[in-house]
Amino acid sequence: DLSFIASEAFFYKIMCSCCHPAVSALFCLWVRSGFNKQSVAGALTFFPPEPSFYKFKRTTPDGKAIEDENVSDEKSTRSLGESSTFDDDNSIATTDDDMSQRSRGSSSNNINERARQSRKRAKRRKKRDKRDAALGVKYTLELDPRLRSPLEFSGNIESLKIYNAKSKSYLAVVVYRQEQKGCKTILYSHGNATDIGAMSMMQSILAKNLNVNVVVYDYSGYGESGGMPLEKNTYYDIQTVYQYCVENLAEGKPENLIIYGESVGSGPSCYLCSKKPAGGLVLHCPFTSGMRVLTSSRALACLDIFPNIDRIKKVKC
């Protein structure tokens, strides 16, 4: 029966009983997505903070405030990463096998729900950003009140959205621009589970103490950026911001641009510097590859992402 073979239940049964529930869930997501590595990589790697640590205040070209629209879909009171195994008094597991199956099912449901919500959010955000671009909407960075204000430096903070032609979405970008011309520029790719707002203090410290321009952006699906959080989209994202930096901050000279990648940001940073010229590459807490963070085994090598260990050999700065 082909329908049975294709069912998740079948794959749960053939997975080794000693497999971690998360591994089983990822395997089943891989099957459900038609063996699409990008779907698994997105579920495994990207965890945008919800709610985000900032927002872009929107104003018309003549300075009139535009009312906020809720596009993050924060209706759920339970984190999508939490297990619901014991939500029902009548669903208490009585055996280890039952417990394992429930845990795997919960993990799979959570992963798929996150993916579904991300797609809904991307669709709404694309519609809004496209309308904003047509109207010439301007943006101002507003941080979460729990965060400290960035350090003052001899420049100003600019907020903008840049169109990513390859992913067909808009990227949220913040520029810490020095008044002095001819400064070096740092293109900063942040780590996972953070965003432009949470990194604001770090960027202002770099701008103030190094006397450089700092450009930080949110990956597709993070913060005010549109699109979906996928490996390939992070490559499109950094290339789009790189081009903006070369044309608007580095005076057309890539050697004036320093690429800085933190944690998961080391992936797109290594990718960029293996393809494009730059004045330098800084890797902060990098990894050899995405799957190697979880295990040294190459059993799931077909699902690996961000192969920094291979790309670093091709970097020439």
Side-chain angles (χ1 to χ4, degrees), residues 52-57 137-143 147-164 170-191 194-220 222-225 234-286 315-317:
S52 61
F53 290 98
Y54 76 103
K55 67 177 181 178
F56 276 176
K57 180 181 178 181
V137 168
K138 298 184 181 299
Y139 303 99
T140 303
L141 177 66
E142 286 192 349
L143 297 178
L147 299 176
R148 294 178 58 189
S149 299
L151 298 181
E152 294 185 2
F153 66 101
S154 60
N156 55 73
I157 300 175
E158 302 171 5
S159 303
L160 61 148
K161 290 200 175 183
I162 302 175
Y163 184 63
N164 184 338
Y170 288 83
L171 294 174
V173 179
V174 173
V175 180
Y176 295 76
R177 188 192 294 267
Q178 300 285 353
E179 290 184 358
Q180 177 185 343
K181 301 296 183 181
C183 296
K184 297 287 186 182
T185 296
I186 293 177
L187 170 51
Y188 197 106
S189 298
H190 60 65
T194 190
D195 59 24
I196 284 174
M199 298 304 298
S200 59
M201 179 59 74
M202 175 70 168
Q203 312 313 319
S204 66
I205 289 173
L206 292 174
K208 178 179 178 65
N209 294 325
L210 299 181
N211 193 34
V212 295
N213 302 311
V214 180
V215 178
V216 60
Y217 66 101
D218 266 341
Y219 309 119
S220 293
Y222 280 63
E224 291 278 349
S225 288
T234 66
Y235 300 149
Y236 300 155
D237 296 343
I238 196 170
Q239 290 180 92
T240 299
V241 182
Y242 170 89
Q243 193 61 39
Y244 170 85
C245 291
V246 171
E247 295 175 358
N248 296 276
L249 293 164
E251 301 177 340
K253 300 176 181 178
E255 58 268 26
N256 289 334
L257 193 58
I258 308 299
I259 311 302
Y260 192 121
E262 178 183 0
S263 186
V264 76
S266 64
S269 296
C270 278
Y271 171 85
L272 179 72
C273 289
S274 70
K275 305 280 187 182
K276 300 282 188 180
L281 171 65
V282 178
L283 299 180
H284 177 178
C285 300
V315 171
K316 294 182 180 179
C317 293

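Throughout, numbering of the chain's residues begins at 1 and tracks the sequence. Just so it is clear, the structure is predicted and the values come from calculations on it, not from any experiment. The basis for the numbers below is simple: all heavy atoms, side chains too, and nothing from hydrogens, waters or symmetry mates.
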Next item on the list: Find out whether Phe153 and Leu206 are in side-chain contact, i.e. whether some heavy atom of one side chain is under 4.5 Å from a heavy atom of the other.
Entry: no
Next item on the list: Give the minimum heavy-atom separation between His190 and Val216, together with the two atoms involved.
Entry: CD2-CG2, 4.4 Å
Next item on the list: Starting from the C-alpha separation in whole Å, work towards a yes-or-no answer on side chain to side chain donor-acceptor pair (under 3.5 Å) for Asp237 and Tyr222.
Entry: CA-CA 11 Å; Asp237 296 343; Tyr222 280 63; over 6 Å; no
Margin query: Rounded to the nearest 0.5 Å, what separates atom CG in Leu281 from atom OG in Ser266?
Written below: 9.0 Å
Next item on the list: Check whether any side-chain heavy atom of Lys161 sits under 4.5 Å from a side-chain heavy atom of Phe56, and report yes or no.
Entry: yes
Notebook entry, point to check: What are the two closest heavy atoms between Ser189 and Tyr217, and how far apart are they?
Noted result: OG-OH, 2.7 Å
Next item on the list: Starting at CD1 of Ile238, measure out to CD of Gln243 and round the result to the nearest 0.5 Å.
Entry: 13.0 Å
Next item on the list: Can you see which heavy atom on Cys273 is nearest to which on Cys317, and at what distance?
Entry: SG-SG, 4.2 Å
Margin query: Is the shortest side-chain heavy-atom distance between Pro150 and Leu143 below 4.5 Å?
Written below: yes
Notebook entry, point to check: Distance-only, no hydrogens or angles: does the Gln239 side chain make a donor-acceptor pair with backbone N or O of Tyr235 under 3.5 Å?
Noted result: yes
Margin query: To the closest 0.5 Å, what do you measure between CD1 (Ile157) and OG (Ser200)?
Written below: 7.5 Å
Check: Is it the case that more than 12 heavy atoms not belonging to Lys138 sit under 6.0 Å from its NZ atom?
Finding: no
Next item on the list: To the nearest 0.5 angstrom, please state how far the OG1 atom of Thr185 sits from the CZ atom of Arg177.
Entry: 8.5 Å
Checklist line | Within-4.5 Å side-chain heavy-atom neighbours: Val173 and Val215 | finding: yes
Notebook entry, point to check: Between Ser220 and Leu171, which heavy-atom pair has the shortest distance, and what is it?
Noted result: OG-CD2, 4.0 Å
Check: Does any N or O in the side chain of Ser204 come within less than 3.5 Å of the main-chain N or O of Leu151, such that one atom is a donor and the other an acceptor?
Finding: yes
Checklist line | Pairwise side-chain contact, Val174 with Gln203, heavy-atom cut-off 4.5 Å (strictly under) | finding: no
Next item on the list: Ignoring hydrogens and angles, tell me if any N or O in the side chain of Tyr54 forms a donor-acceptor pair with the backbone of Glu224 under 3.5 Å.
Entry: yes
Check: Where is the tightest heavy-atom contact between Ala198 and Thr194, given as atom of each residue plus distance?
Finding: CB-OG1, 3.1 Å
Check: Taking side chain as C-beta onward, heavy atoms only, is Met199 less than 4.5 Å from Glu262?
Finding: yes
Checklist line | OH on Tyr176 to CD1 on Ile186, rounded to 0.5 Å | finding: 12.5 Å
Note to self: Parallel, tilted or perpendicular: which one describes the rings of Tyr163 and Tyr170, with boundaries at 30° and 60°?
What the structure shows: tilted
Check: What pair of heavy atoms forms the shortest contact from Cys270 to Leu283, and how long is it?
Finding: SG-CD1, 3.7 Å
Check: Do Asn211 and Gln178 have side-chain heavy atoms sitting under 4.5 Å apart?
Finding: yes
Checklist line | Glu152 and Lys208, any side-chain heavy atoms less than 4.5 Å apart | finding: no
Next item on the list: Calculate, to the nearest 0.5 Å, the distance between atoms CZ and CE belonging to Arg148 and Met201 respectively.
Entry: 4.0 Å
